[in-house]
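Right, one structure below, let's go through it.
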Amino acid sequence: MINASIFPVFIQVCDSNVAVLLVSFSDQVVAVREAAECAARSMMSQLSAQGVKLVLPSILKGLEDKAWRTKQSSVQLLGALAYCAPQQLSQCLPTIVPKLTEVLTDTHPKVQSAGQMALQQTTFINSIDAPSLALLVPIVHRGLRERSAETKKKAAQIVGNMCSLVPIVHRGLRERSAETKKKAAQIVRNMCSLVIEPKDMIPYIGLLLPEVKKVLVDAIPEVRSVAARAVGSLIRGMGEENFPDLVPWLFDSLKTDNSNVERSGAAQGLSEVLSALGTGYFEHVLLDIIRNCSHQKASMRDGYLTLFKYLPRSLGVQFQNYLQQVLPAILDGLADENESVRDAALGVGHVLVEHYATTSLPLLLPAVEDGILNDNWRIQQSSVELLGDLLFKVAGTSGKSDEGSSTEAHGRAIIEVLGRDKCNEILAALYMVRTDVSLSVRQAALHVWKTIVANTPKTLKEIMPVLMNTLISFLASSSSERRQVAARALGELVRKLGERDASFDHPNPIPSAKGS
């Protein structure tokens with residue numbers, strides 16, 4: 001070991017000789033290269049933590065050189081840091097591992113090869129490949145799921161050894177395989193849960209986050225979903241202050257004209273981030289989000305509406321508090337002239353029904369009812385589909401089975417939840433739009449009717465008073481389309497029940513067609 005009194009001088013000598021070592025590492029003479037390697041090992045083994053800090057900037061500067069030989073030499077010198085004392089090595093790894101991982105994608109193969117070797121030396125891993133992720137993911141997941149202290153400890157050790165894990169995860173995020181990208185994103189998602197000190201991850205965020213953002217806009221929905229949760233986990237575990245550009249980037253991506261995929265990925269990621277930042281932050285941006293749902297640019301309307309598709313999943317029951325504010329924007333989207341926007345709005349409607357059909361029925365049902373008899377056929381069609389979702393949910397059926405599979409039990413379940421009067425009103429409106437002037441509306445209504453109504457003649461007799469009132473109001477309407485729908489519905493009703501049965505229970509029977 002070097003005497004403490006002359007150590008500062010030794011450090012200066014080492015620092016000044018870094019340039020010489022860089023040149024010697026790539027010398028054409030084999031003996032010179034071997035001597036450089038021996039000298040580097042010897043020098044690194046004697047360095048203190050302060051010595052590493054003094055020498056490291058000169059080495060890292062060599063990585064920015066345009067000459068590939070200088071880059072290669074710098075990488076090799078970084079690899080020699082493996083011969084530092086363990087404490088010194090652990091202190092410098094958060095700095096050198098990200099740099100070495102970047103080198104793996106260098107344009108020159110010899111620089112890449114040197115980077116691979118240096119990583120193996122400094123992080124004590126034998127390979128950086130997709131199979132490595134397949135081995136790590138189950139252990140990490142068990143650590144989160146199981147109560148066993150031993151399992152949790154093993155998982156925490158894996159994630160805690162960031163210098164070894166990060167290169168593997170980084171490579172996995174860049175793989176073409178969707179499964180590999182998912183596994184890598186899963187590990188990123190779980191890092192904050194298993195690392196005792198989230199601040200230990202800060203040196204690696206600049207390396208991992210750009211790749212996670214790329215995966216967030218992947219073409220495969222499942223990959224985007226895992227990446228979105230990873231982004232939310234990072235924000236939740238480390239705080240927004242460590243990601244100052246993330247939220248602006250997500251909002252910008254939500255507005256992009258590039259593709260639906262990119263907007264959808266940004267919406268998923270933003271929903272997880274908003275959940276992580278809390279309801280206070282969400283309420284702060286909600287009005288702006290709703291306002292942009294009616295922006296003049298169709299791509300922006302599409303992007304912001306799509307955000308509401310994912311917020312119920314990320315915010316859970318908390319999102320119910322905002323349904324009254326959100327529903328008007330969704331209903332407007334159902335009538336949009338742009339097909340992509342309409343699809344986005346309908347997708348949001350399906351998600352809202354899926355999550356809140358039972359807990360927020362008094363809020364959702366009136367909006368859907370109004371839409372069924374709307375003058376805009378697009379709103380009608382979407383509202384009928386959403387009504388179907390609601391009734392299927394209440395009845396305990398998926399609605400995807402064959403038409404005509406309804407049972408009396410389904411009807412009783414709907415009546416029990418909605419009440420007899422409300423159920424009759426909805427069925428009467430649904431029967432009317434079975435004869436709508438729009439083919440798509442008729443088909444949607446017929447599918448819902450056949451799926452939830454087990455016995456049409458019996459049901460028609462039960463709803464006859466309400467149905468006749470609806471028919472009369474349509475016949476008296478100033479809209480020619482409504483009068484046409486009423487005429488068709490009346491004709492259909494007479495064919496189903498017969499002229500006498502159709503007017504039997506109504507206090508003001510409609511005159512016979514023959515006698516008029």
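Everything numeric in this text was worked out from a predicted model, so none of it was measured.
- Heavy atoms of other residues, nucleotides or ligands lying less than 6.0 angstrom from NZ of Lys458 number 12 at most.
- In this structure the side chain of Leu277 reaches within 4.5 angstrom of the side chain of Val247, judged on heavy atoms.
- One side chain, Ser360 or Gln320, offers a donor N or O that lies under 3.5 Å from an acceptor on the other.
- Partner of Leu270 under the side-chain contact (heavy atoms from CB on, under 4.5 Å) criterion, chosen from Phe251, Tyr304, Trp249: Phe251.
- Between Val448 and the options Val433, Asp389, Leu430, a side-chain contact (heavy atoms from CB on, under 4.5 Å) holds for only Leu430.
- The residue from Asp302, Thr306, Asp257 that alone fulfils the side chain to side chain donor-acceptor pair (under 3.5 Å) condition with Arg263 is Asp302.
- Here the straight-line distance linking atom CG of Leu365 with atom CG of Leu387 works out to 7.0 Å at 0.5 Å rounding.
- Of all heavy-atom pairs spanning Tyr310 and Ser264, the tightest one is OH-OG, 2.9 Å.
- Counting non-hydrogen atoms of other residues, nucleotides and ligands closer than 6.0 Å to CD of Glu283 gives a total above 12.
- At least one donor-acceptor pair closer than 3.5 Å links the side chain of Arg224 to the backbone N or O of Asp218.
- In plain terms, the two heavy atoms of Ser383 and Gly371 that are nearest each other are OG-CA, 3.2 Å.
- Annotation for Ala413 and Ala395: closest pair CB-CA, 4.1 Å, computed over non-hydrogen atoms.
- Between Glu385 and His350, the closest side-chain pair of non-hydrogen atoms falls below 4.5 Å.
- Interatomic distance, Ile290 CD1 to Asp332 CG, rounded to the nearest 0.5 Å: 11.0 Å.
- Residues Leu327 and Leu352 have side chains in contact (heavy-atom distance under 4.5 Å, counting atoms from C-beta outward).
- Counting only distance, with no hydrogens or angles, the side chain of Gln380 and the backbone of Leu373 share no donor-acceptor pair below 3.5 Å.
- A perpendicular orientation is assigned to the rings of Phe392 and His447, their planes being inclined by more than 60° (bins at 30° and 60°).
- Under the 4.5 Å side-chain criterion, counting only non-hydrogen atoms from C-beta, Lys183 is not in contact with Ile187.
- Judged by distance alone, with hydrogens and angles left aside, the side-chain atoms of Arg378 form no donor-acceptor pair with the main-chain N or O of Leu334 at under 3.5 Å.
- Counting heavy atoms from C-beta outward, Arg488 and Arg442 have side chains that approach closer than 4.5 Å.
- Summarising the geometry, atom CD belonging to Gln484 is positioned 9.0 Å from atom CG belonging to Asp436; distances are rounded to the nearest 0.5 Å.
- Residue pairs meeting the side chain to side chain donor-acceptor pair (under 3.5 Å) criterion with at least one partner in residues 206-215, sequence neighbours excluded, are Arg174-Glu211.
- Atom OG1 of Thr180 is separated from atom NZ of Lys182 by 10.5 Å, given to the nearest 0.5 angstrom.
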Inset, instruction - Report the C-alpha separation of Val394 and Thr358 in whole Å, then their side-chain angles, then the decisive distance to 0.1 Å, and conclude whether the side chain to side chain contact (heavy atoms under 4.5 Å, CB included) test is met. - result: CA-CA 7 Å; Val394 169; Thr358 54; 5.6 Å; no
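- No donor-acceptor distance shorter than 3.5 angstrom exists from the side chain of Ser233 to the backbone of Arg229, with no hydrogens or angles considered.
- With respect to Val453, the side-chain contact (heavy atoms from CB on, under 4.5 Å) criterion is satisfied by exactly one of Thr451, Asn455, Thr456: Thr456.
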Inset, instruction - Any chance you could lay out the salt bridge (Lys or Arg N to Asp or Glu O under 4.0 Å) test for Arg313 and Glu354, step after step, and finish with the verdict? - result: CA-CA 10 Å; Arg313 295 169 184 169; Glu354 175 66 24; over 6 Å; no
Inset, instruction - For the pair His295 and Lys255, evaluate side chain to side chain contact (heavy atoms under 4.5 Å, CB included) and give the outcome as yes or no after the intermediate values. - result: CA-CA 10 Å; His295 195 275; Lys255 308 170 187 177; over 6 Å; no
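- Rounded to the nearest 0.5 angstrom, Leu311 CG and Glu272 CD are separated by 9.5 Å.
- Using a 4.5 Å heavy-atom threshold, the side chains of Thr359 and Val317 count as separate.
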Inset, instruction - Determine, stepwise, if the pair Leu418 / Leu391 fulfils side chain to side chain contact (heavy atoms under 4.5 Å, CB included). - result: CA-CA 10 Å; Leu418 302 183; Leu391 296 180; 4.0 Å; yes
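- The local environment of NE2 in His284 is sparse, with at most 12 non-hydrogen atoms from other residues, nucleotides or ligands closer than 6.0 Å.
- Looking only at side-chain heavy atoms (C-beta outward), Ile426 and Val368 stay at 4.5 Å or farther from each other.
- Between Phe282 and Tyr322, the ring-plane angle classifies as perpendicular under the 30° and 60° cut-offs.
- Checking side-chain atoms of Glu175 against main-chain N and O of Lys181 turns up no donor-acceptor pair under 3.5 Å.
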Inset, instruction - Go through Leu250 and Leu216 one step at a time and tell me if the side chain to side chain contact (heavy atoms under 4.5 Å, CB included) criterion holds. - result: CA-CA 10 Å; Leu250 287 169; Leu216 186 59; 3.7 Å; yes
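- Across Ile220 and Ala178, no two heavy atoms sit closer than the pair CD1-CB, 3.3 Å.
- Contact between Leu315 and Ser275 at its shortest, heavy atoms only, is CD2-CA, 3.7 Å.
- Between the side chains of Ser438 and Ser440, at least one donor N or O lies within less than 3.5 Å of an accepting N or O.
- Side-chain atoms of Arg342 come within 3.5 Å of backbone atoms of Glu337 as a donor-acceptor pair (strictly under, hydrogens ignored).
- A donor-acceptor pair under 3.5 Å is formed between the side chain of Asn469 and the backbone N or O of Pro465.
- Annotation for Gln296: atom CD does not count as buried by contact number, only 12 or fewer foreign heavy atoms lying within 6.0 Å.
- With hydrogens and angles ignored, the 3.5 Å screen pairs a side-chain donor or acceptor of Ser314 with a backbone N or O of Ser271.
- Leu493 is listed as a side-chain neighbour of Met464, based on a closest heavy-atom distance under 4.5 Å.
- Taking all atoms of both residues into account, the shortest heavy-atom contact from Ala184 to Gly172 is CB-C, 3.7 Å.
- Arg483 contributes a side-chain N or O that, together with a main-chain N or O of Ser477, makes up a donor-acceptor pair within less than 3.5 Å.
- The line from CG of Leu471 to CE of Met432 is 4.5 Å long, rounded to the nearest 0.5 Å.
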